[in-house]
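Before any comments, here is the structure.
Keep in mind that this is a model prediction, so the values were computed, not measured.
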Amino acid sequence: LAIVAVLIVAWQFAVDFGWVNAFLMGSPGGIAIEAWRQLQSGQLLSDTWTTLYATIVGFLLGSIGGSMAGLLLWDSRHVARIIDPFVVALNGLPKISLAPMIIIWFGSGMLSKVALAFIATFIVALLSAYQGTHQIDANLVNLMRSLGATKRQIFLKVVVPATLPWIISAFRLNIGFALIAEIGGEFIASDKGLGRSIFVAGNLFNLNAVWVGVLTLMLVAIALYLVVSRIERYLLPWESR
């Protein structure tokens with residue numbers, strides 16, 4: 001906090017003395033005034049809620065759905081080998097390149113942004129969960145089978161707990177991927193949201209408004225990361241210890 005405070009004071013000091021061009025870089029004072037103006041008008045809260053809602057919905061659908069699909073592939077090795085090239089190809093594809101098609105198919109509203117966040121997170125979660133199933137101790141699985149455990153019991157008692165660290169790691173990554181995809185969709189076509197606000201402010205050379213949007217996005221990302229960390233401590237208490 002002290003470092004951040006020093007940087008802000010130095011930034012404002014440099015602007016006041018003309019060492020930094022406020023038109024090109026903005027200023028802490030101008031950012032504070034712009035943030036207060038947007039808060040009073042309700043624009044900042046409305047845009048933040050729009051972006052947060054689409055990001056969370058897409059993030060949850062993609063991360064949970066992808067994790068479940070990856071876990072189910074544990075018992076379908078032949079299916080996994082068949083779809084592996086397609087999954088790898090989709091994972092290497094920049095998801096934002098699909099944004100124009102997604103927006104054409106689903107429109108410029110909330111649904112297209114949720115779809116983009118879903119696509120950006122599903123493949124990552126699937127690959128991470130499936131990779132986690134490869135790290136399970138085979139001796140433990142064989143022991144469960146020798147004790148008469150069914151596939152369902154092995155899946156619930158061994159596979160799922162063993163892959164939870166991999167799944168949580170994918171969740172951490174997917175926070176950023178979901179936000180990138182959602183904001184990219186708002187850049188292309190949207191009537192509200194932080195991405196749209198940043199895009200419009202940038203076209204108008206209003207750097208203070210751009211900074212307000214960027215800083216708000218940082219706060220959103222930090223909040224989501226803390227939520228995932230809290231879930232990790234609940235599901236994997238031994239990891240935190």
Passes side-chain contact (heavy atoms from CB on, under 4.5 Å), Val210 versus Asn206? Steps please.
CA-CA 6 Å; Val210 171; Asn206 186 353; 5.7 Å; no
Where [X] and [Y] come nearest, the two heavy atoms and their spacing:
X      : Y      : answer
Ile183 : Gly195 : CD1-N, 3.6 Å
Ala117 : Thr55  : CB-O, 4.5 Å
Ser67  : Ala129 : O-CB, 3.6 Å
Ile175 : Phe59  : N-CE1, 3.8 Å
Ala69  : Phe122 : CB-CZ, 4.1 Å
Ile188 : Pro100 : CD1-CD, 4.2 Å

Hydrophobic cluster membership, [X] vs [Y], 4.5 Å side-chain cutoff:
X      : Y      : value
Tyr225 : Leu219 : no
Val159 : Leu156 : yes
Leu116 : Phe177 : no
Ile222 : Trp211 : no
Met68  : Val228 : yes

Is any side-chain heavy atom of [X] less than 4.5 Å from a side-chain heavy atom of [Y]?
X      : Y      : result
Tyr53  : Val57  : yes
Leu217 : Ile198 : yes
Leu71  : Phe155 : yes
Trp166 : Gln131 : yes
Val160 : Ile167 : no
Arg172 : Ser229 : yes
Thr48  : Val220 : yes
Leu194 : Leu44  : yes

What distance separates [X] [atom1] from [Y] [atom2], expressed to the nearest 0.5 Å?
X      : Y      : atom1 : atom2 : value
Ile154 : Leu143 : CD1   : CG    : 9.5 Å
Lys113 : Met110 : NZ    : CE    : 8.5 Å
Leu147 : Gln153 : CG    : CD    : 10.0 Å
Thr121 : Leu126 : OG1   : CG    : 11.0 Å
Leu207 : Phe205 : CG    : CZ    : 9.0 Å
Leu45  : Thr50  : CG    : OG1   : 10.5 Å

Could you label the plane-to-plane angle of the Phe199 and Phe187 rings as parallel, tilted or perpendicular, counting under 30° as parallel and over 60° as perpendicular?
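Tilted.
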Would you check if the side chain of Ser112 reaches a backbone N or O of Gly109 as a donor-acceptor pair within less than 3.5 Å?
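It does hold such a pair.
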Result block: side-chain N/O donor-acceptor pairs under 3.5 angstrom for residues 25-35, not counting sequence neighbours:
unit_1	atom_1	unit_2	atom_2	d
Ser27	OG	Gly30	N	3.1
Glu34	OE1	Arg37	NE	3.4
Glu34	OE2	Arg37	NE	3.4
Glu34	OE2	Arg37	NH2	2.6
Glu34	OE2	Gln38	NE2	2.9

Assess whether side-chain contact (heavy atoms from CB on, under 4.5 Å) is satisfied between Leu52 and Leu224, documenting all intermediate values.
CA-CA 9 Å; Leu52 185 62; Leu224 293 176; 4.2 Å; yes
In terms of heavy-atom contacts, does CD1 of Ile3 have more than 12 from other residues, nucleotides or ligands at under 6.0 Å?
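No.
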Residues Asp47, Thr51; criterion side-chain contact (heavy atoms from CB on, under 4.5 Å); working and verdict:
CA-CA 6 Å; Asp47 288 341; Thr51 298; 5.5 Å; no
Partners meeting side chain to side chain donor-acceptor pair (under 3.5 Å) with Asn174 (sequence neighbours left out)
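Scan of Asn174 (side chain to side chain donor-acceptor pair (under 3.5 Å), adjacent residues dropped) gives Ser63.
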